Amino acid sequence: MRFGGMIFEKWNSPEEWAQAALRAGYSAVYFPVDYTAEQKVIDGYQKAAQEADLVICEIGVWNNTLERDEAKRQEAISRAIHQLELAEYVGANCCVNIAGSYNTQWDGPHRENFTRHAFDEIVRTTQRIIDEVNPQNTVYSLEPMPWMYPDTADSYLELIRCIDRKGFGAHIDPVNVICSPQLYYRNGEVIQEWFDKLGSQIRSCHAKDIILSGKLTVHLDECRPGLGELDYETYLKCLSGLDDRICLMLEHMTEESDYVEATRYLKGLAARLGLCL
């Protein structure tokens, strides 16, 4: 399996960027520019990654394609299409977004997010994005979230069935679906279920951790891998059964020291399990 995260070291060229990734202990990268970059810049980073044997794991969209404002919604969909085109061009594992929300907060909870109307709109919108690009080398994927689809392995499977496009694949982030004490204390089973049900359709995975505090009502907070209760032993074992290009990508930390410590923790655990990270 491949492994990557944020690069803090400064660089002045694509080649320096690739070497900085290798020095950080990474074998996978987030693509550092979006579709608005000049073609020569995009080509430079693609070439540098290829020459350094770095898998371009994912290209993010990170907007709300369920915006209630029609002009904003069309703008969000247009960006998703262009980012998927970029992912296809550079051979990224996936182009990832969230499904969208009816909240004014682009990624926030809303009572209508789990309605059949929302599900059907997600299906139609995703089909439109994929059909505009017809990707052959990458897939469009939706990151699981606690308050919108897909929130369970079964809801992801239903989206895959209804979207019915080979250009749609799965993205995994276990922390995002651990939304109760019951799931928290059996998160290893939850992780195993996602991999059992989605299997080879998984194209990218996020790495962070989660901790339950004693403050009422329920407080579940993200933390650095190794400081929480996510069952990384199960997670790494499941990942090891997939194709070597599938990546585990650190995210959501702000300090370089946290990335260094998270890398040390995960690589150490993988070594103890006899796995290559």
Side-chain angles (χ1 to χ4, degrees), residues 1-4 27-31 34-35 46 49 54-63 65-66 76-77 79-100 107 119-145 148-177 190-207 235-236 238-249 251:
M1 76 195 91
R2 299 299 185 105
F3 175 69
S27 54
V29 286
Y30 295 112
F31 204 62
D34 72 0
Y35 78 94
Q46 180 193 28
L54 291 166
V55 170
I56 301 170
C57 181
E58 62 184 59
I59 288 177
V61 182
W62 311 131
N63 63 19
T65 59
L66 295 188
I77 292 172
R79 176 174 172 79
I81 291 169
H82 287 306
Q83 288 291 86
L84 179 57
E85 288 174 336
L86 175 61
E88 172 72 2
Y89 180 78
V90 301
N93 280 8
C94 67
C95 175
V96 60
N97 200 3
I98 60 169
D107 60 349
F119 186 93
D120 291 343
E121 192 165 9
I122 292 165
V123 169
R124 290 192 298 270
T125 301
T126 304
Q127 287 174 331
R128 174 183 166 187
I129 292 166
I130 292 171
D131 289 347
E132 283 285 335
V133 180
N134 189 28
Q136 304 298 310
N137 304 311
T138 189
V139 297
Y140 188 74
S141 59
L142 298 175
E143 181 169 0
M145 293 284 283
M148 65 183 67
Y149 294 119
D151 62 320
T152 64
D154 286 335
S155 65
Y156 218 133
L157 284 175
E158 182 67 4
L159 280 172
I160 290 171
R161 185 186 71 81
C162 292
I163 291 168
D164 191 26
R165 298 291 190 275
K166 72 172 186 177
F168 185 62
H171 182 285
I172 302 296
D173 189 329
V175 166
N176 285 7
V177 299
V190 174
I191 292 168
Q192 188 70 57
E193 179 189 13
W194 277 79
F195 278 84
D196 286 346
K197 290 183 175 180
L198 295 170
S200 61
Q201 296 177 94
I202 298 170
R203 301 297 293 270
S204 177
C205 300
H206 279 169
Y235 199 6
L236 293 178
C238 287
L239 270 164
S240 70
L242 301 182
D243 185 271
D244 175 63
R245 284 185 57 88
I246 306 307
C247 312
L248 180 65
M249 304 296 290
E251 67 157 4

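For clarity, every value in this text was computed on a predicted model and none was experimentally measured.
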Problem set entry | Minimum heavy-atom distance between Ile191 and Cys238, given as atom pair plus value | CG2-SG, 4.4 Å
Exercise. Ignoring hydrogens and geometry, is there a side-chain-to-backbone donor-acceptor pair from Glu58 to Cys94 under 3.5 Å?
Worked result: no
Problem set entry | Heavy-atom donor-acceptor pair, Gln136 side chain to Asn134 backbone, under 3.5 Å | yes
For this session: Check whether any side-chain heavy atom of Asn176 sits under 4.5 Å from a side-chain heavy atom of Met145, and report yes or no.
Result: yes
Exercise. Minimum heavy-atom separation for Val133 to Glu85, with atom names?
Worked result: CG2-CG, 3.6 Å
Exercise. Are the side chain of Ser27 and the backbone N or O of Phe3 linked by a donor-acceptor pair below 3.5 Å?
Worked result: yes
Exercise. Could you state the interatomic distance from OH (Tyr30) to OG (Ser204), rounded to the nearest 0.5 Å?
Worked result: 7.0 Å
Problem set entry | Any donor-acceptor N/O pair, Asn97 side chain to Val61 backbone, under 3.5 Å | no
Problem set entry | Distance (rounded to the nearest 0.5 Å) between Leu86 CG and Phe31 CZ | 5.5 Å
Exercise. Would you say Val177 and Asp173 make side-chain contact, with heavy atoms under 4.5 Å?
Worked result: no
For this session: To the nearest 0.5 Å, tell me how far Cys205 SG sits from Leu242 CG.
Result: 7.0 Å
For this session: Describe, in one word, how the ring planes of Tyr140 and Phe168 are oriented to each other, choosing from parallel (under 30°), tilted (30 to 60°) and perpendicular (over 60°).
Result: tilted
Exercise. Would you find a donor on one side and an acceptor on the other, under 3.5 Å apart, between the side chain of Thr65 and the backbone of Ala99?
Worked result: yes
Exercise. Are the side chains of Ile56 and Val29 in touch, meaning some heavy atoms are under 4.5 Å apart?
Worked result: yes
For this session: Side-chain contact test, heavy atoms from C-beta onward, threshold under 4.5 Å: evaluate it for Val55 versus Asp244 and give yes or no.
Result: no
Exercise. Closest heavy-atom contact between Arg245 and Gly91?
Worked result: NH2-O, 3.4 Å
Exercise. Using the ring of each side chain (for Trp, its six-membered ring), is Trp62 parallel, tilted or perpendicular to His206, with breaks at 30° and 60°?
Worked result: tilted
For this session: Go through the steps for Glu158 and Phe119 under the test side chain to side chain contact (heavy atoms under 4.5 Å, CB included), then give the verdict.
Result: CA-CA 10 Å; Glu158 182 67 4; Phe119 186 93; 3.3 Å; yes
Exercise. CH2/Trp194 to CG/Asp154 distance, rounded to the nearest 0.5 angstrom?
Worked result: 9.0 Å
For this session: Please report the C-alpha distance between Arg124 and Glu121 in whole Å, then the side-chain angles of each, then the deciding distance to 0.1 Å, and finally whether the salt bridge (charged side-chain N to carboxylate O under 4.0 Å, His left out) criterion is met.
Result: CA-CA 5 Å; Arg124 290 192 298 270; Glu121 192 165 9; 5.1 Å; no
Problem set entry | Gap between atom CG of Asp243 and atom OG of Ser200 - 0.5 Å precision | 9.5 Å
For this session: Taking all heavy atoms of Arg2 and all of Ala28, pick out the closest pair and write down the distance.
Result: CB-CB, 3.8 Å
Exercise. How many angstroms lie between atom CD1 of Ile202 and atom CD1 of Ile172, to the nearest 0.5 angstrom?
Worked result: 4.0 Å
Exercise. Closest approach of Lys197 and Ala153, non-hydrogen atoms and distance?
Worked result: CD-CB, 4.0 Å
Exercise. Strictly by modelled atom types, are Asp131 and Gln127 linked by a side-chain donor-acceptor pair under 3.5 Å?
Worked result: no
Exercise. Taking side chain as C-beta onward, heavy atoms only, is Asp34 less than 4.5 Å from His82?
Worked result: no
For this session: For the residue pair Val190 and Pro174, establish whether any side-chain heavy-atom pair is separated by less than 4.5 Å.
Result: no
For this session: Go through the steps for Met249 and Cys57 under the test side chain to side chain contact (heavy atoms under 4.5 Å, CB included), then give the verdict.
Result: CA-CA 8 Å; Met249 304 296 290; Cys57 181; 3.6 Å; yes
Problem set entry | Asn93, Val90, Thr138 screened by side-chain contact (heavy atoms from CB on, under 4.5 Å) with Ile59, the one that passes | Val90
For this session: Write down the atom of Pro144, the atom of His171, and the distance for their closest heavy-atom approach.
Result: CD-O, 3.1 Å
Exercise. Is a side-chain donor or acceptor of Arg165 paired with a backbone partner of Ile163 at a separation under 3.5 angstrom?
Worked result: yes
